[in-house]
Amino acid sequence: MEQFSVSFFEENFKQYIERNKDVFSKVHAMNAYYRSIVGTLINDHLNKNAEIVRRIRNLEEAYNNVKSEQ
């Protein structure tokens with residue numbers, strides 16, 4: 001699985017939801033993970049803006065995919 005791909009983020013969302021199911025609802029866990037990743041990407045010193053945009057787009061797509069699952 002390619003790091004920072006949609007499937008990478010989907011799997012991480014699911015793992016985060018599972019690890020925090022006693023504390024957060026699905027949506028709250030997803031939002032916490034999302035904010036954490038976005039904060040990390042914004043503060044990351046990547047030289048290529050296109051790479052940051054690609055990662056954020058993949059994160060967004062994964063968020064929407066996992067959120068819509070039942």
Side-chain angles (χ1 to χ4, degrees):
M1 180 180 324
E2 180 187 344
Q3 193 172 23
F4 305 115
S5 66
V6 172
S7 58
F8 170 86
F9 284 125
E10 286 175 348
E11 184 59 33
N12 283 319
F13 271 121
K14 291 173 185 177
Q15 289 176 9
Y16 195 85
I17 291 164
E18 182 61 28
R19 281 195 310 268
N20 292 284
K21 65 184 177 185
D22 296 338
V23 181
F24 296 126
S25 69
K26 176 181 176 179
V27 171
H28 285 116
M30 291 182 67
N31 289 342
Y33 177 79
Y34 190 97
R35 286 190 304 269
S36 173
I37 296 300
V38 169
T40 300
L41 290 174
I42 289 170
N43 291 314
D44 195 351
H45 296 291
L46 294 174
N47 292 325
K48 299 178 182 175
N49 287 336
E51 178 62 17
I52 294 172
V53 171
R54 183 185 74 82
R55 291 180 187 186
I56 291 174
R57 284 184 180 146
N58 287 346
L59 177 66
E60 180 70 16
E61 184 176 338
Y63 179 94
N64 290 325
N65 292 347
V66 173
K67 185 177 179 185
S68 66
E69 291 177 356
Q70 297 301 345

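Excluded from the calculations below are hydrogen atoms, water molecules and symmetry mates; all remaining heavy atoms, backbone and side chain alike, are included. Residue numbers start at 1 and run along the sequence shown.
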*Between Met1 and Phe8, which heavy-atom pair has the shortest distance, and what is it?*
SD-CA, 3.2 Å
*Is there a path from Tyr63 to Val6 through hydrophobic residues (I, L, V, M, F, W, Y) whose side chains come within less than 4.5 Å of each other?*
no
*Any sub-3.5 Å donor-acceptor pair from Ser36's side-chain atoms to Ala32's backbone N or O?*
no
*At what distance, to the nearest 0.5 angstrom, does OG of Ser25 lie from CG of Asn31?*
8.0 Å
*Going through the distances and angles, do Glu18 and Lys21 end up as a salt bridge (Lys or Arg N to Asp or Glu O under 4.0 Å)?*
CA-CA 5 Å; Glu18 182 61 28; Lys21 65 184 177 185; 2.6 Å; yes
*N-O pairing of Arg55 and Glu51 below 4.0 Å*: yes
*Nearest heavy atoms of Lys26 and Lys67, plus distance in Å*: NZ-O, 3.7 Å
*If you measure from CZ on Arg35 to OG1 on Thr40, what distance do you get to the nearest 0.5 Å?*
12.5 Å
_Smallest separation among heavy atoms of Ser5 and Asn58, with atom names_ = CA-ND2, 3.7 Å
*asked:* When you compare the side chain of Asn12 with that of Phe4, does any pair of heavy atoms fall below 4.5 Å?
replied: no
_side chain to side chain contact (heavy atoms under 4.5 Å, CB included) evaluation trace for Tyr33 with Asn20_ = CA-CA 10 Å; Tyr33 177 79; Asn20 292 284; over 6 Å; no
*Nearest heavy-atom pair of Ile37 and Phe9: which atoms, and what distance?*
CG2-CE2, 3.8 Å
*What distance separates Met30 CE from Asn64 CG, expressed to the nearest 0.5 Å?*
7.5 Å
_Minimum heavy-atom distance Gln3-Arg54, with the two atoms named_ = O-NH2, 4.2 Å
*Any ion pair linking Glu60 and Arg57 (charged N to carboxylate O, less than 4.0 Å)?*
no
*Closest non-hydrogen atom pair, Ile52 against Leu41*: CD1-O, 4.2 Å
